[in-house]
Each structure stands twice: as C-alpha cells, then as structure tokens.
Q: 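Structure incoming, see below.
All residue numbers refer to positions in the sequence shown, counting from 1.
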Amino acid sequence: ERRSALASGILTGLSSLVLSGSGAVAAAILAQKFGRDADTDGLLAAYAVYVTVVLAAQALRLTAVPELIRTEGAAAGSYAAAILVVGLPATVAVWLFAEPFAELLTGKLPQEAADLAASALPWLVAAAFVQVLAALAAATLAARDRFGAAALGFSAGGVTGLVVFVALADEHGLVSLAWGLAANAAISLGVPLVALGGTLGRVRFGGVVKRLVLLAEAAAVPLALQALYLIALRGASGIGVGAVTSISYAYFFAAVLVA
C-alpha cells in the first residue's frame, strides 16, 4: 500500500508539473505574441467561462470519489449521465447562440472582441465539459487504485494543447488556443477511457437529480467566487481595451500562487 500511495503521488505530481509547465508556456506565448488588445480581451473573457465550468471537475472529485471507491467504480455511469444532462444542452446552446453570449461577455469592448469570443466560446465550453468527464474517468480509475492512465492522459493533453496552439497561432490567431484546449480535453478523456475499456459504465439517468444536487452543493462556493470574477471582467470591459486582459493575467498569477 505504501508503494502504491508513493507511486500515485509521484504520477500525480509529475502530471501536475507537466500541466503547469504547458500552461505557463502558453500564457507566455499569448502575452508575448499577442500582447493586450481587443482580441485578447475577447478570448480571455470566453476563457473565464471555460475555467468556471472546469471548476465542476474539482467538485466532482470531492463528491464522487467516496462513492466510486465504495462501488468500485460502478457509480460512474450515474455521474456521467448527470454531466451529460447539463453539458450537452449547454454546449449546443453556446454553439447556436455564440454571438449573443459573446456580446454579453465583452460588453462595451470593440466588435473584434465579441467576434473572437464568439469564435472561441463553442470550443471552450465543449472542452470544459469534456474535462469534467475526464475528471470522472480519472476518479473511476483512482477508485480501482489505477493512476497511470489518468496521469498520462492529462500530461499528454496539456502538451498536445500547447503544440496545437503554437503550430496554429501564426496562421489562425488567438482562436487556436481554444482549439488547443479542445484537443487537450479530448486526450485527457480519451486515454483514461481506453484504460477503462472504452466506457464509464452503463449511463444511468435514474439518480441524475441526486448527483446534480451533490455536485451543486460541493461547487457552490468556488462557482460563486468564479461568478464574481466573471462580473469583474464584465465591468473591466467598460474601462477600455486591454483591461480585461490585464485583470485576467493578474487572476491567473494569483491562482498559481494559491494553488
């Protein structure tokens, strides 16, 4: 058991280092290559929505892991159903109404900011919900004392996302970061799913309401704080071009220190 705990700790630590490193490099490239303008404001306003949804993954770990351990992963299908019940309609709605959502996020910023946010939002929202599923897959493997596949998936996803961004940034601009995050999410989910035999188990909708209530209770405080950040970004949009980017960089730096 000691060796297993040590191995899991090492794998988790290495995965976190790779993810942090990839994120830091992407942030440096974003700041150096694109600076602060209406486009970066639009992208980072949309990215804040991504971060908000991904916070649900943390809540999932708090609520699902004890039950997954108790049932040896059998409860994963019920949690997957709860995620899909919220995630699929939300993703479709954002794809259909990306422009109005983008206008709401960017406020008084120039039209370029809203256009960039509208291009990035569908990819970012889809990626965020896939990351929540990836967290569920990782928790299911952890309940079976298997940590390698999840660590590999998250690490490979982080590196792949960075590669996609770097490779496409010159030709396609800032939206390539959203594409990179989507690629990241796909690999972060795909690798653990392969380890689980390609499935999270039978998707059961019977206990969806109970699961959603548990997730909502666990995520209430972090989501409320993140909602305040979204409101702050919306207010910053009235200050002028570049303000949303500046407050986003400050927020990310503070988040790294807290983590």
Q: Identify the heavy atoms of Ala182 and Ala127 that sit nearest to each other, and give their distance.
A: CA-CB, 3.7 Å
Q: Please identify each residue that fulfils side chain to side chain donor-acceptor pair (under 3.5 Å) with Lys108, with sequence neighbours left out.
A: none
Q: When clusters are formed by joining ILVMFWY residues with side-chain heavy atoms under 4.5 Å apart, either directly or through shared neighbours, do Val54 and Leu177 land in the same one?
A: yes
Q: Would a single hydrophobic cluster contain both Leu214 and Leu55, if residues Ile, Leu, Val, Met, Phe, Trp and Tyr are joined by side-chain heavy-atom contacts under 4.5 Å?
A: no
Q: If you take all heavy atoms of Val175 and Leu116, which pair is closest and at what distance?
A: N-CD2, 4.4 Å
Q: NZ of Lys33 to OG1 of Thr40: how many Å apart, nearest 0.5 Å?
A: 14.0 Å
Q: Report whether Val49 and Val94 are members of the same hydrophobic cluster (ILVMFWY, side-chain heavy atoms less than 4.5 Å apart, transitive linking).
A: yes
Q: Side-chain heavy atoms under 4.5 angstrom apart, residues restricted to Ile, Leu, Val, Met, Phe, Trp, Tyr: same cluster for Val125 and Phe101?
A: yes
Q: Contact between Phe129 and Val53 at the side-chain level, heavy atoms closer than 4.5 Å - yes or no?
A: yes
Q: Is the shortest heavy-atom distance from the side chain of Leu181 to the side chain of Tyr47 under 4.5 Å?
A: yes
Q: Does any non-hydrogen side-chain atom of Gln131 lie less than 4.5 Å from one of Asn184?
A: yes
Q: Leu105 versus Leu233: any side-chain heavy-atom pair under 4.5 Å?
A: no
Q: Enter the distance from Leu196:CG to Thr140:OG1 here, rounded to the nearest 0.5 Å.
A: 6.0 Å
Q: Treat each ILVMFWY residue as a node, draw an edge where side-chain heavy atoms are under 4.5 Å apart, and state whether Leu223 and Val51 are in one component.
A: no
Q: Can you find a heavy atom in the side chain of Trp179 that is under 4.5 Å from one in the side chain of Leu168?
A: yes
Q: Might you point out which heavy atoms bring Leu124 and Tyr50 nearest each other, and give the distance in Å?
A: O-CD1, 3.2 Å
Q: Could you tell me which non-hydrogen atom of Arg36 sits nearest to which non-hydrogen atom of Gly242, and how far apart they are?
A: NH1-O, 3.4 Å
Q: Quick one: pull up CG in Leu44 and CG in Asp39 and give me the separation to the nearest 0.5 Å.
A: 10.5 Å
Q: Indicate yes or no for a side-chain donor-acceptor contact from Ser237 to the backbone of Arg234 under 3.5 Å, with no hydrogens or angles considered.
A: yes
Q: For residues Leu136 and Tyr79, report the shortest heavy-atom separation together with the two atoms involved.
A: CD1-CB, 3.8 Å
Q: Can you tell me how far the CD1 atom of Ile83 sits from the CG atom of Leu133, to the nearest 0.5 Å?
A: 4.5 Å
Q: Measuring from atom CG of Leu84 to atom CG of Leu88, what distance do you get when rounded to the nearest 0.5 angstrom?
A: 5.0 Å
Q: Measure the CG-NZ distance between Leu215 and Lys210 for me, rounded to the nearest 0.5 Å.
A: 12.0 Å
Q: Would Gln111 and Thr106 satisfy side chain to side chain contact (heavy atoms under 4.5 Å, CB included), going step by step from the backbone distance to the final call?
A: CA-CA 9 Å; Gln111 186 60 39; Thr106 56; over 6 Å; no
Q: Kindly give the heavy-atom pair with the smallest separation between Leu68 and Ala139, and that separation in Å.
A: CD1-CB, 3.7 Å
Q: Just by distance, do the side chain of Thr245 and the backbone of Asp41 share a donor-acceptor pair under 3.5 Å?
A: yes
Q: If you define the side chain from C-beta out and look only at heavy atoms, does anything of Tyr249 sit under 4.5 Å from Leu30?
A: yes
